[in-house]
Asks: 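Mind looking over this structure? Questions follow.
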Amino acid sequence: KCDWSSDVCSSDLDDSVRGFGTDVGLPQSSVTSLVQTRDGYLWLGTFGGLARFDGHQFDVHRSRAGQGPSSDRILALAEDDQAQLWIGTEDAGVSVYRAGGFERLGLCDGRCRVTSLVVQGARVLAVTDAGLFAIDARSSAATRLGADAAYDFGAIDRAGDVVIGSRTALWALRADGLQPLPKPGSL
């Protein structure tokens, strides 16, 4: 049993689980993405905004008046090797949090759905419903990779290769572009 107002718990277990919701500052109760940055903060993406958690309280960032991320509907988060936080949204493309401020990128005219962000060295890959984009982490310049197609996810496999997927196929990102991967059973 726990009294959350005083953080006093009695239990037979050594550890306890504490829930956090909108009643204590989380902007929305459904968390869509989560990343712990190297400075120790936990960043949570929700459909009500972006929240930074320090272990005690939430600092909420919303997309009001040109400040904050490009949308409150966050789908993907990633931290690059420069400790910059990349934010993919459901309806307004990509933003980056660096040096204490947000930069909204013009990627896909700020209208695409970003389903995944994959950090690969000095670039961030944005997997979107408008295509795959490589973003230079230093300049924020974006380049389209491959066809103008809807992609659903991106990940780095055990070998360190980037794999991009859609509802119908998988591709490996190679130096010469996206190469289709064979379907299971077709080898």
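Below, each value reflects all heavy atoms present in this structure, side chains not excepted, and no hydrogens, waters or symmetry copies.
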Asks: Judged by atom type as modelled, is there a donor-acceptor pair below 3.5 Å linking the side chain of R138 to the main-chain atoms of Q82?
Replies: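 No; judged by distance alone, with no hydrogens or angles, the pair does not exist.
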Asks: For S140 and R98, which I'm curious about, is there any donor-acceptor pair between the side chains at under 3.5 Å?
Replies: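 The answer is yes; a qualifying pair exists.
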Asks: Quick check: are there more than 12 heavy atoms from other residues, nucleotides or ligands sitting under 6.0 Å from CZ of R38?
Replies: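 Yes.
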Asks: Does the side chain of D91 come under 3.5 Å of the side chain of S71 through a donor N or O and an acceptor N or O?
Replies: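 Their side chains do contain a donor-acceptor pair, which is all the 3.5 Å distance test asks for.
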Asks: Heavy atoms only: give me the nearest R123-L145 pair and the separation to one decimal.
Replies: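 Heavy-atom minimum between the residues: NH1-CD1, 4.2 Å.
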Asks: Are V114 and V127 connected in the hydrophobic side-chain network, where two residues link if heavy atoms are under 4.5 Å apart?
Replies: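 Looking at the clustering, V127 is in a separate group from V114.
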Asks: Can you tell me if CD on Q67 sees more than 12 non-hydrogen neighbours from other groups inside 6.0 Å?
Replies: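 Not buried by this count: 12 neighbours or fewer within 6.0 Å.
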Asks: Using a strict threshold of under 4.0 Å (side-chain N to carboxylate O), is an ion pair present between D129 and R113?
Replies: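 So R113 does not pair with D129 through a salt bridge.
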Asks: Keeping the roles fixed (side chain from T89, backbone from G93), state whether a donor-acceptor pair exists under 3.5 Å.
Replies: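 At least one qualifying donor-acceptor pair exists.
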Asks: Tell me whether S95 contacts the main-chain N or O of I87 through its side chain, where contact means a donor paired with an acceptor under 3.5 Å.
Replies: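 Between the backbone of I87 and the side chain of S95 there is no qualifying donor-acceptor contact (under 3.5 Å).
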Asks: Using the ring centroid of each side chain, check whether Y97 and W43 are separated by less than 6.0 Å.
Replies: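 Close enough - the centres of the two rings lie under 6.0 Å apart.
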Asks: Over all heavy atoms of both residues, which pair between G146 and L178 is shortest? Give the atoms and the distance, please.
Replies: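 Nearest pair, atom of G146 first, then L178: CA-CD1, 4.4 Å.
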